[in-house]
**Q** 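The structure follows.
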Amino acid sequence: MKKRQERRDASPKRPAGNSSKPNFKNAGKPFKPRLKKAPVDDGTIRLNKYIANAGICSRREADEFIKTGLAQVNGKVVTEMGYKVQPGDVVKFDGKTISAEKNVYILLNKPKGFITTTRDEKDRKTVMDLIANATTARVFPVGRLDRATTGLLLFTNDGYLTKKLTHPSHSVRKIYHVKLNKKATHADLEEIKKGVRLIPEGIAVVDNVSFIEGKPKDEVGIEIHIGWNRVVRRIFEKLGFEIESLDRVSFGGLTKKNLKRGDWRKLDEKEVSFLKML
């Protein structure tokens with residue numbers, strides 16, 4: 001027993017307090033975090049991200065499509081996960097050439113005096129001048145508004161959505177506020193509802209037409225989905241009216257709320273999803 005007691009007494013004594021407290025070296029010196037170097041941008045992009053940026057599907061869905069052989073790079077089928085597309089590569093998905101440029105959607109409240117075109121030989125003001133600072137992507141107007149018509153105009157580089165919104169089979173609704181040179185009658189509106197024959201297209205069918213509540217009878221609201229050239233103006237001209245002002249107040253469910261004349265804004269994800277479901 002004595003020997004055991006001596007061994008215990010001979011062992012070094014630990015300081016009182018929390019014996020588990022770590023003993024930091026260099027205590028008191030400032031902490032310097034080790035920062036990882038930013039990855040070098042060599043211009044490459046993963047194939048699944050390339051397909052997702054083209055607006056076809058999500059990255060996860062793109063991986064599944066790649067596995068099934070739907071993606072080609074420079075004419076060769078690629079099924080390798082993590083494959084990187086080089087600058088200048090030609091990428092096809094399901095046989096169609098695609099671009100990785102991220103889709104952009106811009107809504108403009110167009111003022112008078114601007115023509116709906118991307119370029120004008122006569123050097124007149126175009127709608128592209130109004131959204132010059134909105135994006136660096138190459139976007140195009142969806143449909144047209146003539147020079148004197150004001151209101152909503154959508155721009156995008158999403159070719160698939162553009163075709164959908166402009167094709168008659170999808171019946172995308174547009175609502176216009178029409179200011180006439182004289183008062184209309186209920187009989188005039190009934191005649192428009194029945195359909196007005198225009199040459200050379202045929203009968204212009206409208207979805208709805210009515211007087212605007214609280215406004216005089218020379219102001220009319222008209223809802224239409226056909227996209228014939230100057231169709232609203234021609235309908236009223238056929239009935240002997242002249243249009244003093246024409247304003248598109250709604251396009252595919254989008255409205256001018258909080259968007260002043262001449263201003264633009266980008267659509268949010270919910271609005272884009274809604275358009276794609278039309």
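Along the sequence shown, residues carry numbers from 1. Since the structure is predicted, the reported quantities are computational estimates derived from the model, not experimental observations.
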**Q** Measure the shortest side-chain to side-chain distance between T117 and P141 over non-hydrogen atoms and say whether it is less than 4.5 angstrom.
**A**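 A side-chain contact is absent here, since even the closest heavy-atom pair is not under 4.5 Å.
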**Q** Charged N to carboxylate O under 4.0 angstrom, K194 versus E191?
**A**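 So K194 does not pair with E191 through a salt bridge.
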**Q** Is it the case that more than 12 heavy atoms not belonging to D129 sit under 6.0 Å from its CG atom?
**A**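 Buried by this count: over 12 neighbours within 6.0 Å.
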**Q** Indicate if V91 and M81 have the same hydrophobic cluster label, given that clusters are the connected sets of ILVMFWY residues with side-chain heavy-atom separations under 4.5 angstrom.
**A**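 Result: yes, single cluster for both.
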**Q** Taking atom CD of E223 and atom CD1 of I175, what is their separation to the nearest 0.5 Å?
**A**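 Taking CD in E223 and CD1 in I175, the distance rounds to 4.5 Å.
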**Q** Looking at R265 and E271, does any basic side-chain N land under 4.0 Å from a carboxylate oxygen?
**A**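 Yes, charged N to carboxylate O under 4.0 Å.
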**Q** Minimum heavy-atom separation for G143 and T166, please, with both atom names.
**A**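 Taking every non-hydrogen atom into account, N-CG2, 3.9 Å.
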**Q** For N109 and D263, test the side chains for any donor-to-acceptor distance below 3.5 angstrom and give the result as yes or no.
**A**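 Short answer, no.
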**Q** Looking at D123, I'd like to know if its CG atom is crowded, meaning that more than 12 non-hydrogen atoms belonging to other residues, nucleotides or ligands lie closer than 6.0 Å.
**A**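 No - once you tally the heavy atoms of other residues, nucleotides and ligands closer than 6.0 Å, there are 12 at most.
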**Q** Using the rule that Ile, Leu, Val, Met, Phe, Trp and Tyr join whenever any side-chain heavy atoms are under 4.5 Å apart, tell me whether I98 and V73 fall into a single cluster.
**A**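 Yes, I98 connects to V73 through the hydrophobic network.
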**Q** Once you round to the nearest 0.5 Å, how far does CE of M128 lie from CD1 of I131?
**A**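 Rounded to the nearest 0.5 Å, the CE-CD1 separation comes out at 4.0 Å.
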**Q** For a quick test of reading the model, state the closest non-hydrogen atom pair linking S58 to A52 and the distance between them.
**A**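 Minimum heavy-atom contact is C-CB, 4.1 Å.
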**Q** Is there a side-chain contact between K182 and F241, using heavy atoms and a 4.5 Å cut-off?
**A**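 In short, these two side chains touch, coming nearer than 4.5 Å.
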**Q** Is there side-chain contact between F211 and H186, with heavy atoms separated by less than 4.5 Å?
**A**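 They are in contact (side-chain heavy atoms under 4.5 Å apart), so the answer is yes.
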**Q** Could you check V220 against I212 for side chain to side chain contact (heavy atoms under 4.5 Å, CB included), going step by step and ending with a plain yes or no?
**A** CA-CA 6 Å; V220 177; I212 299 174; 5.7 Å; no
**Q** Please find out if less than 6.0 Å separates the ring center of F155 from that of F140.
**A**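 Not under 6.0 Å, so no.
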**Q** Could you go through the side chain to side chain contact (heavy atoms under 4.5 Å, CB included) check for F114 and R124 one step at a time?
**A** CA-CA 8 Å; F114 290 82; R124 292 173 294 181; over 6 Å; no
**Q** Hydrophobic cluster mates of L254, side-chain heavy atoms under 4.5 angstrom, ILVMFWY only, any path?
**A**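 Answer for L254: Y105, L107, V142, L152, L154, L161, L165, V172, F251, L259, L267, V272, F274, L275, L278.
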**Q** Measure across C57 and I51 and return the closest heavy-atom pair with its distance rounded to 0.1 Å.
**A**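 Reported closest heavy-atom pair: SG-CG2, 4.0 Å.
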**Q** Around R234, counting heavy atoms of other residues, nucleotides and ligands shown, do more than 12 lie under 6.0 Å from its CZ?
**A**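 More than 12 heavy atoms, drawn from other residues, nucleotides or ligands, come within 6.0 Å of this atom.
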**Q** Measuring only between side-chain heavy atoms, which start at C-beta, is E61 closer than 4.5 Å to E64?
**A**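 When only atoms from C-beta onward are counted, E64 and E61 do not touch, as no gap falls below 4.5 Å.
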**Q** Just so I know, are the side chains of Y176 and I224 near enough to count as touching, which here means a heavy-atom distance under 4.5 Å?
**A**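 Yes, at least one pair of side-chain atoms sits under 4.5 Å.
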**Q** In this structure, are over 12 heavy atoms from other groups packed under 6.0 Å from I203 atom CD1?
**A**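 Yes, CD1 of I203 has more than 12 neighbouring heavy atoms, counting only those of other groups under 6.0 Å.
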**Q** Calculate, to the nearest 0.5 Å, the distance between atoms CG and CZ belonging to N229 and R144 respectively.
**A**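 Separation between the atoms: 7.5 Å.
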**Q** Find the distance between OG (S250) and NE2 (H177) and round it off to the nearest 0.5 Å.
**A**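 With rounding to 0.5 Å, OG (S250) is 14.0 Å from NE2 (H177).
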**Q** State, to 0.1 Å, how close T156 and V104 come at their nearest heavy-atom pair, and which atoms those are.
**A**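 Heavy-atom minimum between the residues: OG1-O, 2.7 Å.
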**Q** How about D158 and K276: do any of their side-chain heavy atoms sit closer than 4.5 Å?
**A**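 Yes, side chains in contact.
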**Q** Under a single-linkage definition using a 4.5 Å side-chain heavy-atom cutoff for Ile, Leu, Val, Met, Phe, Trp and Tyr, are I45 and L70 assigned to the same hydrophobic cluster?
**A**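 Yes, it is one cluster - the side chains of I45 and L70 are joined through contacts under 4.5 Å.
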**Q** Would the number of heavy atoms belonging to other residues, nucleotides or ligands and lying under 6.0 Å from CZ of R59 be above 12?
**A**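 No, the 6.0 Å shell around CZ holds no more than 12 heavy atoms from other groups.
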**Q** Under a 4.5 Å cut-off applied to non-hydrogen side-chain atoms, are E219 and P216 in contact?
**A**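 In short, these two side chains touch, coming nearer than 4.5 Å.
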**Q** Hey, quick one: are F93 and Y160 part of the same hydrophobic cluster, counting side-chain heavy atoms closer than 4.5 Å, chains of contacts allowed?
**A**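 Shared cluster, no.
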**Q** Can you check salt bridge (charged side-chain N to carboxylate O under 4.0 Å, His left out) on E237 and R230, steps first, answer last?
**A** CA-CA 11 Å; E237 286 169 2; R230 300 180 70 253; 3.6 Å; yes
**Q** State plainly whether the residues R173 and D207 are in salt-bridge range, i.e. N to O under 4.0 Å.
**A**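 Judged by the 4.0 Å cut-off on N to carboxylate O distance, R173 and D207 do form a salt bridge.
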**Q** Does the side chain of I222 come within less than 4.5 Å of K174's, by heavy atoms?
**A**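 A side-chain contact is absent here, since even the closest heavy-atom pair is not under 4.5 Å.
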**Q** Give me the atom names and distance for the closest heavy-atom approach of T149 to L145.
**A**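 Answer, listing the atom of T149 first, then L145: CG2-CD2, 3.9 Å.
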**Q** Begin with the C-alpha distance, continue with both residues' side-chain angles, and end with the deciding distance and a verdict on side chain to side chain contact (heavy atoms under 4.5 Å, CB included) for E244 and D218.
**A** CA-CA 10 Å; E244 294 185 349; D218 58 355; 5.8 Å; no
**Q** Side chains of D247 and T150 only: does a donor on one sit below 3.5 Å from an acceptor on the other?
**A**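 Yes.
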**Q** From K256 NZ over to L108 CG, what is the distance, rounded to the nearest 0.5 angstrom?
**A**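 Answer for the NZ-CG pair, K256 versus L108, is 11.0 Å.
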**Q** Test side chain to side chain contact (heavy atoms under 4.5 Å, CB included) on K238 and R197 and set out the steps.
**A** CA-CA 9 Å; K238 189 72 181 288; R197 181 174 293 278; 4.3 Å; yes
**Q** Is it the case that over 12 heavy atoms from other parts of the model lie below 6.0 angstrom from the NZ atom of K183?
**A**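 For K183, atom NZ is not crowded (no more than 12 foreign heavy atoms under 6.0 Å).
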**Q** Taking all non-hydrogen atoms of both residues, which atom of I106 and which atom of A134 are closest, and how far apart?
**A**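 Shortest heavy-atom contact: CD1-CB, 3.6 Å.
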**Q** Is it true that V178 and V249 fall in one hydrophobic cluster, defined by side-chain heavy atoms closer than 4.5 Å?
**A**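 Result: no, two separate clusters.
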**Q** Among R248, R233, K110, find the residue that satisfies the salt bridge (charged side-chain N to carboxylate O under 4.0 Å, His left out) test when tested with D146.
**A**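 The residue from R248, R233, K110 that satisfies salt bridge (charged side-chain N to carboxylate O under 4.0 Å, His left out) with D146 turns out to be R233.
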**Q** For the CG atom of L153 and the OG1 atom of T116, what is their distance to the nearest 0.5 Å?
**A**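 So the CG of L153 and the OG1 of T116 are separated by 5.0 Å.
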